[in-house]
Amino acid sequence: MNSKVEQPKSSAAGDVVKYGLAIALVAAGVFGYIWFAQWPGALRALLVAGGLLAGALVFFASSKGEETREFLSEARFELRKVVWPTRQEALRTTWVVMIAVLILSLILAGFDAVIQFFIKLFLGR
């Protein structure tokens, strides 16, 4: 648990400019993809990737970007605490789930057949 007390930060005018610039860079990458239709697809995809990367770098320079970096680093720290199952445990669990799904689907198919029989009987078909 994070015991730090964080004070809400006011959004500075510089951050608004950074957000606008980040959006403009991403839009420029997409615009370049559309505008340069005669270029090979891989090169056009690099334009979009470059725009996304440049926009992300500008965003991460803002206060919200700093909060996002901190959140991602804390999430990574928490992931280190997770005890991941072994391959054998994962396979056993998968088999249990598959068998449970099979049994439940057979039960539901049986209910469907019984209800269908009674509806046909009730309607006189």
Side-chain angles (χ1 to χ4, degrees):
M1 178 174 221
N2 192 349
S3 61
K4 292 191 294 185
V5 177
E6 296 182 17
Q7 298 296 325
K9 297 178 183 177
S10 61
S11 179
D15 280 348
V16 174
V17 171
K18 290 176 186 174
Y19 301 149
L21 181 60
I23 292 171
L25 287 168
V26 172
V30 173
F31 177 78
Y33 182 85
I34 296 168
W35 184 263
F36 298 109
Q38 70 277 9
W39 289 8
L43 189 58
R44 292 170 53 209
L46 280 175
L47 281 175
V48 176
L52 284 170
L53 181 65
L57 289 175
V58 170
F59 170 75
F60 282 128
S62 69
S63 63
K64 286 290 182 192
E66 184 179 328
E67 291 174 14
T68 303
R69 280 195 316 268
E70 183 178 342
F71 171 77
L72 290 174
S73 104
E74 288 177 10
R76 186 174 175 199
F77 177 73
E78 291 296 325
L79 275 175
R80 290 185 190 141
K81 294 180 183 179
V82 174
V83 179
W84 298 101
T86 64
R87 181 178 175 86
Q88 186 179 13
E89 290 171 338
L91 285 173
R92 283 183 184 165
T93 306
T94 302
W95 278 110
V96 168
V97 169
M98 289 174 24
I99 291 169
V101 167
L102 178 67
I103 290 170
L104 286 173
S105 65
L106 291 173
I107 290 170
L108 290 174
F111 284 152
D112 184 46
V114 170
I115 291 170
Q116 195 174 35
F117 171 76
F118 283 118
I119 288 177
K120 286 182 181 179
L121 185 68
F122 178 71
L123 294 176
R125 291 188 183 172

Minimum heavy-atom separation for [X] and [Y], please, with both atom names.
| X | Y | answer |
| --- | --- | --- |
| Ser63 | Asp15 | OG-OD2, 2.6 Å |
| Ser62 | Tyr19 | OG-CE2, 3.3 Å |
| Pro85 | Ala90 | CB-N, 4.4 Å |

Report yes or no: do [X] and [Y] belong to one cluster of Ile/Leu/Val/Met/Phe/Trp/Tyr joined by side chain heavy-atom distances under 4.5 Å?
| X | Y | result |
| --- | --- | --- |
| Val48 | Val26 | yes |
| Phe117 | Phe122 | no |
| Leu52 | Ile23 | no |

Quick one: side chains of residues 28-37, donor-acceptor pairs under 3.5 Å with protein atoms, not counting sequence neighbours, listed by atom name and distance.
none

Between [atom1] of [X] and [atom2] of [Y], what distance do you get to the nearest 0.5 Å?
| X | Y | atom1 | atom2 | value |
| --- | --- | --- | --- | --- |
| Phe71 | Glu74 | CZ | CD | 8.5 Å |
| Glu89 | Trp84 | CD | CH2 | 13.0 Å |
| Leu43 | Gln38 | CG | CD | 10.0 Å |
| Leu46 | Leu53 | CG | CG | 11.0 Å |

Worksheet item: Just wondering, more than 12 heavy atoms not from Arg69 lying within 6.0 Å of its CZ?
Response: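 Counting neighbours around CZ of Arg69, more than 12 heavy atoms of other residues, nucleotides or ligands fall under 6.0 Å, so yes.
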For residues 102-110, dump all side-chain donor-acceptor pairs below 3.5 Å to protein atoms at least two apart in sequence or in another chain.
| from | atom 1 | to | atom 2 | distance (Å) |
| --- | --- | --- | --- | --- |
| Ser105 | OG | Val101 | O | 3.1 |
| Ser105 | OG | Leu102 | O | 2.7 |

